[in-house]
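Heads up: the structure comes next, in structure tokens.
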Amino acid sequence: MTPEQIKLVQQSFNKTVPITEKVAKKFLTMLFAIDPKLKPLFADDPKGKRLMATFTTFVKGLSKMDSINGIAQQMGVRFKRMGIRMDDYMTIGAALIETLAFFQKDDFTPSIRQAWIEGYGVIASIMIRAANEQSI
Ligand code: HEM
């Protein structure tokens, strides 16, 4: 990811801050439309509040990877134990990007979309790699 791409991701995420509840709701609707099997996983965060807080941490962390590397690895291992697989990462990534596109319409340019794909991919691959290195 280039510094410019990191900025694009952070700027477009910041636009969602004032409408965070709406974004969380749409994200979950989008997610369960793609894969209803994921519903039970989010039973104790029905409005997606924790989820949005999590995204905030990681979007900020893109410009300071040292600050999120460790937590991303830990979460990757924890998710593996919860039964979360690589496919699920694709699903979450797609739901997240389509949600942003839904709210930002024409402002969500192809270069912003590409920056998100790369940013999400950077973090997801840290998590998946940590999960795969763990034998349990
Ligand atoms: C880059 C991708 C992802 C990142 C950075 C991420 C990060 C996190 C973090 C930091 C938490 C802890 C939140 C808290 O305790 O308040 C969390 C919780 C959670 N995540 Fe993810 N996650 C990602 C992908 C996924 C995927 C693919 C799934 C499943 C489809 C998932 C499902 C969950 C669930 C169900 C929780 C709440 C349960 C728990 O904390 O044990 N996440 N995520």
Side-chain angles (χ1 to χ4, degrees):
M1 272 191 115
T2 65
E4 180 57 27
Q5 284 182 311
I6 294 174
K7 217 191 287 168
L8 289 179
V9 168
Q10 291 174 336
Q11 283 169 349
S12 76
F13 189 78
N14 286 344
K15 284 191 198 161
T16 67
V17 171
I19 52 162
T20 191
E21 279 180 30
K22 273 199 213 168
V23 174
K25 197 170 165 206
K26 184 77 191 170
F27 170 80
L28 290 175
T29 307
M30 204 76 99
L31 183 67
F32 301 149
I34 305 175
D35 189 354
K37 287 195 301 300
L38 296 177
K39 255 186 192 176
L41 273 178
F42 291 89
D44 66 348
D45 188 22
K47 293 196 170 162
K49 278 194 180 159
R50 275 211 328 261
L51 190 86
M52 292 309 288
T54 299
F55 289 150
T56 309
T57 309
F58 281 85
V59 165
K60 279 193 189 144
L62 281 175
S63 45
K64 223 171 133 237
M65 285 304 289
D66 288 358
S67 68
I68 52 168
N69 235 312
I71 173 129
Q73 289 172 353
Q74 279 169 30
M75 290 312 296
V77 172
R78 178 155 139 210
F79 283 176
K80 185 185 181 189
R81 294 189 183 128
M82 285 163 61
I84 293 172
R85 294 290 174 259
M86 191 149 157
D87 279 3
D88 302 321
Y89 282 89
M90 312 293 274
T91 309
I92 293 266
L96 176 62
I97 291 170
E98 292 319 318
T99 299
L100 295 167
F102 173 84
F103 285 103
Q104 301 184 10
K105 306 203 164 54
D106 291 349
D107 288 346
F108 202 74
T109 59
S111 35
I112 294 179
R113 177 182 287 270
Q114 186 57 33
W116 270 99
I117 292 171
E118 293 188 26
Y120 181 81
V122 165
I123 293 170
S125 32
I126 295 172
M127 297 171 73
I128 293 167
R129 199 176 317 128
N132 288 342
E133 281 164 6
Q134 191 81 8
S135 54
I136 310 165

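This one's a predicted model, so the numbers in the text were calculated from it and none came from an experiment. Along the sequence shown, residues carry numbers from 1. In each ligand, atom 1 is the first atom listed, and ligand 1 is the first ligand listed. Just so it is clear, the values below take in all heavy atoms, side chains as well, and ignore hydrogens, waters and symmetry mates.
- Counting heavy atoms from C-beta outward, I84 and L41 have side chains that approach closer than 4.5 Å.
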Measure from every N or O atom of ligand 1 to the protein's N or O atoms and keep only the pairs below 3.5 Å, writing each with atom names and distance to 0.1 Å.
from     : atom 1 : to  : atom 2 : distance (Å)
ligand 1 : 16 (O) : R50 : NE     : 3.3
ligand 1 : 40 (O) : R78 : NH2    : 2.5
ligand 1 : 41 (O) : R78 : NE     : 3.3
ligand 1 : 41 (O) : R78 : NH2    : 2.7

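- Looking at heavy atoms from C-beta onward, V77 lies out of side-chain contact with Q73 at the 4.5 angstrom threshold.
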Show me the donor-acceptor pairs, under 3.5 Å and distance only, between side chains in residues 15-29 and residues at least two apart or in other chains.
from : atom 1 : to  : atom 2 : distance (Å)
T16  : OG1    : F13 : O      : 2.6
T29  : OG1    : K25 : O      : 2.8

Exercise. Run the salt bridge (Lys or Arg N to Asp or Glu O under 4.0 Å) check on D87 and R85 step by step: do they pass?
Worked result: CA-CA 5 Å; D87 279 3; R85 294 290 174 259; over 6 Å; no
Sequence neighbours left out, cut at 3.5 Å: what donor-acceptor pairs do the side chains of residues 119-131 make with other protein atoms?
from : atom 1 : to   : atom 2 : distance (Å)
Y120 : OH     : Y89  : O      : 2.7
S125 : OG     : G121 : O      : 2.5
S125 : OG     : V122 : O      : 3.2

Sequence neighbours left out, cut at 3.5 Å: what donor-acceptor pairs do the side chains of residues 51-61 make with other protein atoms?
from : atom 1 : to  : atom 2 : distance (Å)
T54  : OG1    : R50 : O      : 2.8
T56  : OG1    : M52 : O      : 2.8
T57  : OG1    : A53 : O      : 3.1

